[in-house]
Amino acid sequence: MKITLHSSIVKSITACFLLLTISLYAYAQSEITSENVLDYSINVANELIREYPQSPQAYSALGYVYYRGKKYEDAIEAFKKSLQIKPDQPVIVQMIAFLYNRLTQYETAVEWYRKTIALQADAPRANERLGLALQRLNRMDEAIQAFQNELKYHPEDASTHIYLGDRFFAANQLEEAEKHALLAKKYQPILPEPYYLLGKIYRKQGKKEEAKQVLQTFQQQKKHEQEFIEEAESDDPKLENPSIAAAKTHLEAGAVYYQMRNDAKADYHFKRVLSLDPRNATARYNLALMYQQAGKIDQAAQLYQELIAINPDNPQFLTSMGILRSMQKRYTDALPFLDKALSIDPDYINAKRAIGRILLSTNKDLKRALQVLQSVVQQAGESPDYDLLGWAYFANGMPQESLQSIQKAIDLDPENPLYRKRYQQISDRIKR
């Protein structure tokens, strides 16, 4: 028997269904609390592991869940499983070192910081953190060496200058201590700690008036800046909105699904991030990239517009929008985004590349195209850059320079047949 529903009944059922959907959505937003966010996040990460048991990123996601929940031993176990699958992960190795430091297992922390540095000598803050762990073990000479190594790779790191200055002060090497205090003040003038260190140095040197002045500045700076050194040393996860904590887990899960080309689940997790943390730029950007690659240009453009509205001075988002418009051959619309990106960061290389390509494609302002692409080669000099520069030289009536540039592309990537084909085409034209 066929059943026919009156339109008013259909509307009523639809309305009820919408109300139910809204209620379920509201419940989904309210169900994450400080009491259950850890279990919720563990379930998200474990689902990822069940689906991709050989993915190191899946175990890392679980490790970060435990870290945010301050379950440090569980976090270490998860991170070590990630390393069993892919040992060469300096970020994860350093994370394990940091967690051992949180557990006050300083000898083990030192061991893992050294493993980090063996994998990546310039790993940000690895040598600095190694120095702090060595200080805890009263191995001061080694700590000084670690801080000096950090500055070798990151010479403008203010916190390392402060730590090193403190060590020299403790060793009564006041000139060295003052040098590092002044450098810390130079690189981070809003920090209070360099002034405090200078105050201690000047008092010990008998410079009472100088000490008084810098300590007054220290007190003023403290009103505007929280404790810097202690914060940099601890980096303990702060108590945060449980929805934000859950959003981070969904973001990590979405990144793994995106990597595995499971767009449907990546889409779900990134959208879940935005439902929990509406201003999350990373999830919105990943969604935009995913839509762009899938040919969903209008959806990608909408997300880039939202990103720019939230972050109007981010050159990456401006450049992405410019590239998207150029893909649509809307070159007039693309260039303002790219020009603004360069006005914010004159060295933003992807904006330069996009501008050069657009100007060559439209056969407009070829001189500027050549100048922009010459700066790209000076800045990066990858094989596609030399190839693009070769096009710019040829468009500007400079065929010999064009051949030289394309030859450089061939030298960098001899297996690329397109470069050889282009080189031959230009050679043939010159012979004619």
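Values in this document were obtained by computation on a predicted structure and should not be read as measured data.
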Please determine, by modelled atom types, if [X] and [Y] share a side-chain donor-acceptor pair under 3.5 angstrom.
| X | Y | answer |
| --- | --- | --- |
| Ser402 | Arg422 | no |
| Gln378 | Gln374 | no |
| Asp267 | Tyr291 | yes |
| Gln328 | Arg325 | yes |
| Glu47 | Asn43 | no |
| Lys352 | Gln379 | yes |
| Ser82 | Gln89 | yes |
| Gln424 | Tyr419 | no |
| Arg167 | Gln135 | yes |

Would the distance check show the side chain of [X] and the main-chain N or O of [Y] forming a donor-acceptor pair, the cut-off being under 3.5 Å?
| X | Y | answer |
| --- | --- | --- |
| Asn36 | Asp39 | no |
| Asn396 | Met398 | no |
| Asn280 | Ala283 | yes |
| Ser405 | Glu401 | no |
| His180 | Ala158 | no |
| Arg136 | Gly131 | no |
| Gln94 | Lys115 | no |
| Lys340 | Pro312 | yes |
| Gln105 | Tyr100 | no |
| Asp263 | Met290 | no |

Tell me whether [X] is salt-bridged to [Y], with the criterion being a basic N under 4.0 Å from an acidic carboxylate O.
| X | Y | answer |
| --- | --- | --- |
| Arg129 | Glu150 | no |
| Arg279 | Glu306 | no |
| Arg125 | Glu128 | yes |
| Asp387 | Arg353 | no |
| Glu382 | Lys408 | no |

Looking only at non-hydrogen atoms, find the nearest pair between [X] and [Y] and report the distance.
| X | Y | answer |
| --- | --- | --- |
| Leu251 | Val273 | N-CG2, 3.3 Å |
| Pro242 | Ser34 | CG-N, 3.6 Å |
| Ile406 | Gly390 | CG1-CA, 4.1 Å |
| Pro53 | Ile85 | O-CD1, 3.8 Å |
| Ala121 | Asn127 | O-ND2, 3.5 Å |
| Met327 | Ile297 | CE-CD1, 4.2 Å |

For residues [X] and [Y], determine if any side-chain heavy atom of one lies less than 4.5 Å from a side-chain heavy atom of the other.
| X | Y | answer |
| --- | --- | --- |
| Pro194 | Ile162 | yes |
| Ile430 | Ile426 | yes |
| Val93 | Trp112 | yes |
| Leu103 | Ile76 | yes |
| Tyr59 | Lys80 | no |
| Asn46 | Arg50 | yes |
| Tyr393 | Pro399 | no |
| Leu130 | Phe147 | no |

- Task: Evaluate the side-chain hydrogen bond (donor to acceptor under 3.5 Å, both in side chains) criterion for residues Gln404 and Gln400: first the C-alpha distance (whole Å), next the side-chain angles of each, then the deciding distance (0.1 Å), finally the verdict.
- Result: CA-CA 6 Å; Gln404 291 171 6; Gln400 292 297 337; 5.5 Å; no

Verdict with reasoning, Tyr66 to Phe79, per side-chain contact (heavy atoms from CB on, under 4.5 Å):
CA-CA 10 Å; Tyr66 282 125; Phe79 285 130; over 6 Å; no

The salt bridge (Lys or Arg N to Asp or Glu O under 4.0 Å) partners of Asp413 (sequence neighbours excluded) come to none

Exercise. Just wondering, are more than 12 heavy atoms of other shown residues or ligands nearer than 6.0 Å to CZ in Arg357?
Worked result: no

query = When you look at CD of Gln425, are more than 12 heavy atoms from neighbouring residues, nucleotides or ligands closer to it than 6.0 Å?
reply = yes

- request: Assign the ring pair Phe270 / Tyr258 to parallel, tilted or perpendicular, where the plane angle (0 to 90°) is split at 30° and 60°.
  value: perpendicular

Checklist entry - Should the ring pair Tyr52 and Tyr257 be called parallel, tilted or perpendicular, given that the plane angle runs from 0 to 90° and is split at 30 and 60? => result perpendicular

From the list Ile355, Leu335, Asp333, Ile358, side chain to side chain contact (heavy atoms under 4.5 Å, CB included) with Ser326 holds only for Ile358

Does the ring centre of Tyr285 sit less than 6.0 Å away from the ring centre of Phe317?
yes

| message | Would you say the ring centers of Tyr40 and His250 fall short of 6.0 Å from each other? | response | yes

Discussion item. Please determine whether side-chain contact (heavy atoms from CB on, under 4.5 Å) holds for the pair Lys185 and Leu191, giving the CA-CA distance in whole Å, both sets of side-chain angles, and the decisive distance to 0.1 Å.
Written reply: CA-CA 7 Å; Lys185 182 166 73 77; Leu191 295 179; over 6 Å; no

Only one of Arg68, Arg272, His269 passes side-chain hydrogen bond (donor to acceptor under 3.5 Å, both in side chains) with Thr249, and that residue is Arg68

Glu73/Arg102 under salt bridge (Lys or Arg N to Asp or Glu O under 4.0 Å): CA gap, chis, key distance, verdict: CA-CA 10 Å; Glu73 291 179 347; Arg102 290 285 87 222; over 6 Å; no

Under the criterion side-chain hydrogen bond (donor to acceptor under 3.5 Å, both in side chains), I'd like the reasoning laid out for Asp298 against Gln302: C-alpha separation, chi angles, the key distance, then a yes or no. CA-CA 6 Å; Asp298 290 340; Gln302 177 61 39; over 6 Å; no

